[in-house]
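Notes to accompany the following structure.
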Amino acid sequence: MTARATFRVVYRRLYAANGRQHWWPGDSRFEIMVGAVLTQNTAWTNVERAIANLKRAGALTPEAIVKAPHRRLAAWLKPSGYFNVKAKRLKEMCRWLIGRGGVRGLARLSIHDLRAALIAVHGIGPETADDIVLYAFERPVFVIDAYTRRIFARLGLIRGDEGYETLRHLFERALGADAPLFNEYHALIVRHGKDTCRKRPLCGDCCLAGICPTAKE
DNA sequence: TACCAGGAGAAAA
DNA sequence: TTTTCTCATGGT
């Protein structure tokens, strides 16, 4: 089976087992950007609480976040963990966003320029940038996260220690530039990683079992 | 109690 | 250049 076919079989299995995921949870492009920073190494349920605090305080705007004192912003972010770090990162992102003309200004950039500009912001690494590019701006970049590495390494399709860009290019070459597919695929990987793979890695009733002969049980 | 979660950057080796 | 450490709350 070709790489392209194998990656598509994995997608179909995940979709059949879990259905559509309706990602990213968020009411606006800006909320998605905030969520992408807050979810760094953090469970989404904790992020939801922090975003709810921002909404309750009327602070879910770039201007309000820039204006808020660090201690107050950190207090709103507390449920999401790393609140001091994330307060700084959100302020950095918001200052930069305002300087670029807000989300409308970003929407005018090419996918390459948008991605490069995001990664240049302190506190936004490749995965967070790609979450934003794909889910807030609906551009075709494949998001590589810890679940992607774990699941595809178990399937024997990657080693798991490849560089971020190496894996991103691998997925993008195999699947073709398709933002709706990338959206659903990454969401399904996270769903599978959270709900199934961690508890029962590739056991007999895993929906991905039997795809690759080199898969590690 | 220990481990993990939709990472990133700084410091150390 | 590569590896290790730090940041921190909440659920299992």
Side-chain angles (χ1 to χ4, degrees), chain A residues 10-11 14-15 18-27 29-54 56 70-96 115-138 141-154 158-168 171 179 181-201:
Chain A
V10 171
Y11 173 77
L14 289 173
Y15 191 93
N18 300 286
R20 195 172 165 206
Q21 300 301 302
H22 303 282
W23 267 35
W24 181 292
D27 298 332
R29 285 178 165 173
F30 180 65
E31 186 175 330
I32 293 170
M33 294 177 74
V34 169
V37 171
L38 296 185
T39 198
Q40 290 170 356
N41 207 33
T42 300
W44 181 254
T45 50
N46 294 349
V47 176
E48 286 179 320
R49 297 177 185 183
I51 290 177
N53 287 343
L54 292 173
R56 203 175 301 118
H70 172 86
R71 292 183 67 172
R72 186 173 302 166
L73 179 57
W76 290 329
L77 303 183
K78 194 166 184 181
S80 72
Y82 307 116
F83 46 81
N84 283 313
V85 170
K86 287 175 178 174
K88 285 180 193 166
R89 290 180 181 175
L90 273 191
K91 274 183 179 287
E92 290 276 339
M93 183 181 78
C94 290
R95 273 193 214 101
W96 167 80
R115 200 170 175 274
L118 281 163
I119 290 172
V121 178
H122 182 92
I124 299 182
E127 183 182 336
T128 304
D130 288 345
D131 280 334
I132 292 170
V133 172
L134 177 62
Y135 290 105
F137 293 92
E138 298 161 359
V141 291
F142 200 93
V143 179
I144 304 297
D145 66 352
Y147 288 131
T148 312
R149 290 178 186 279
R150 189 182 309 162
I151 292 170
F152 283 81
R154 281 180 183 159
I158 63 173
R159 291 197 316 272
D161 62 349
E162 295 91 337
Y164 185 94
E165 295 301 319
T166 301
L167 289 179
R168 183 172 70 83
F171 278 82
L181 174 65
F182 291 179
N183 175 320
E184 198 61 49
Y185 207 152
H186 177 243
L188 286 164
I189 287 169
V190 174
R191 172 70 184 272
H192 185 75
K194 279 200 292 200
D195 294 353
T196 308
C197 197
R198 191 154 62 92
K199 297 172 191 168
R200 297 173 300 173

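Predicted, not measured: the structure shown is a model, and the values here were computed from it. In the text below, chain A, chain B and the rest are named by the order of the sequence lines, each starting its count at 1.
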**OP:** Would you indicate which nucleotide in dG7(B), dA5(B), dA8(C) comes nearest to any side-chain atom of R89(A)?
**Re:** dG7(B)

Original post:
Looking only at side chains, do N18(A) and H192(A) share a donor and an acceptor under 3.5 Å apart?
Top reply: no

Subject >> Options dA8(C), dA8(B), dA5(B), nucleotide nearest the side-chain atoms of P126(A) >> reply: dA8(B)

Original post:
CG of D161(A) versus C1' of dT3(C): gap in Å, rounded?
Top reply: 13 Å

Subject >> Protein-nucleotide distance (R149(A), atom CZ; dA5(B), atom P), rounded to Å >> reply: 14 Å

**OP:** Take atom NZ of K194(A) and atom C1' of dC3(B), then tell me their distance rounded to the nearest Å.
**Re:** 17 Å

**OP:** Would you classify I124(A) as touching base, sugar-phosphate or nothing, given that sugar-phosphate means primed atoms plus P, OP1 and OP2, and contacts are heavy atoms under 4.0 Å?
**Re:** sugar-phosphate

Original post:
What nucleic acid atoms does R49(A) come within less than 4.0 Å of, heavy atoms only: base, sugar-phosphate, or nothing?
Top reply: sugar-phosphate

Original post:
Would R49(A) and N46(A) count as having a side-chain donor-acceptor pair, cut-off 3.5 Å?
Top reply: no

Original post:
At under 4.0 Å, does any side-chain N or O of R150(A) touch on OP1 or OP2 of dA5(B)?
Top reply: yes

Original post:
Of all the choices, dA5(B), dG7(B), dC7(C), which nucleotide is nearest to the side chain of E127(A) once you look at every atom?
Top reply: dG7(B)

Subject >> Nearest-Å distance for atom pair CG/C1', residues N41(A) and dC3(B) >> reply: 12 Å

**OP:** Starting from the 5' end of DNA chain C, give me the residue, T45(A) or F83(A), whose nearest nucleotide shows up first.
**Re:** F83(A)

Subject >> Side-chain donor or acceptor of T42(A) paired with backbone N/O of Q40(A) under 3.5 Å >> reply: yes

Original post:
How far does the C1' atom of dT3(C) sit from the matching atom of dA5(B), given to the nearest Å?
Top reply: 22 Å

**OP:** Let me know the distance between CG of L77(A) and C1' of dA8(B), rounded to the nearest Å.
**Re:** 16 Å

Original post:
What do the steps show when you test R89(A) against E92(A) for salt bridge (charged side-chain N to carboxylate O under 4.0 Å, His left out), and what is the final call?
Top reply: CA-CA 5 Å; R89(A) 290 180 181 175; E92(A) 290 276 339; over 6 Å; no

Original post:
Once you round it to whole Å, what is the distance between P of dG7(B) and CE of M93(A)?
Top reply: 16 Å

**OP:** Would you classify H186(A) as touching base, sugar-phosphate or nothing, given that sugar-phosphate means primed atoms plus P, OP1 and OP2, and contacts are heavy atoms under 4.0 Å?
**Re:** nothing

**OP:** Classify the angle between the aromatic ring planes of H186(A) and Y135(A) as parallel (below 30°), tilted (30 to 60°) or perpendicular (above 60°).
**Re:** tilted

Original post:
Checking all strands, does N84(A) fall into the base, sugar-phosphate, or nothing category for heavy-atom contacts under 4.0 angstrom?
Top reply: sugar-phosphate

Original post:
Using 30° and 60° as the class limits, which term best fits the ring planes of F152(A) and Y185(A): parallel, tilted or perpendicular?
Top reply: tilted

Original post:
Which part of the nucleic acid does V190(A) contact within heavy-atom distance under 4.0 Å: base, sugar-phosphate only, or nothing?
Top reply: base

Original post:
Between dG10(C), dA8(C), dA8(B), which one does the side chain of N46(A) approach most closely?
Top reply: dG10(C)

Original post:
From the list dG10(C), dA8(C), dG7(B), which nucleotide is the closest neighbour of the side chain of P79(A)?
Top reply: dG10(C)

Original post:
Quick one: is dA5(B) close enough that its OP1 or OP2 comes under 4.0 Å of any side-chain N or O from T39(A)?
Top reply: no

Subject >> K86(A) NZ to dG9(B) C1', straight-line distance once rounded to whole Å >> reply: 14 Å

Subject >> DNA chain B: 5'-proximal contact among A36(A) and H122(A) (nearest heavy atom) >> reply: A36(A)

**OP:** Figure out the CH2/P separation between W44(A) and dG7(B), and round it to whole Å.
**Re:** 12 Å

Original post:
On a whole-Å scale, what distance lies between the P atoms belonging to dT1(B) and dA8(C)?
Top reply: 22 Å

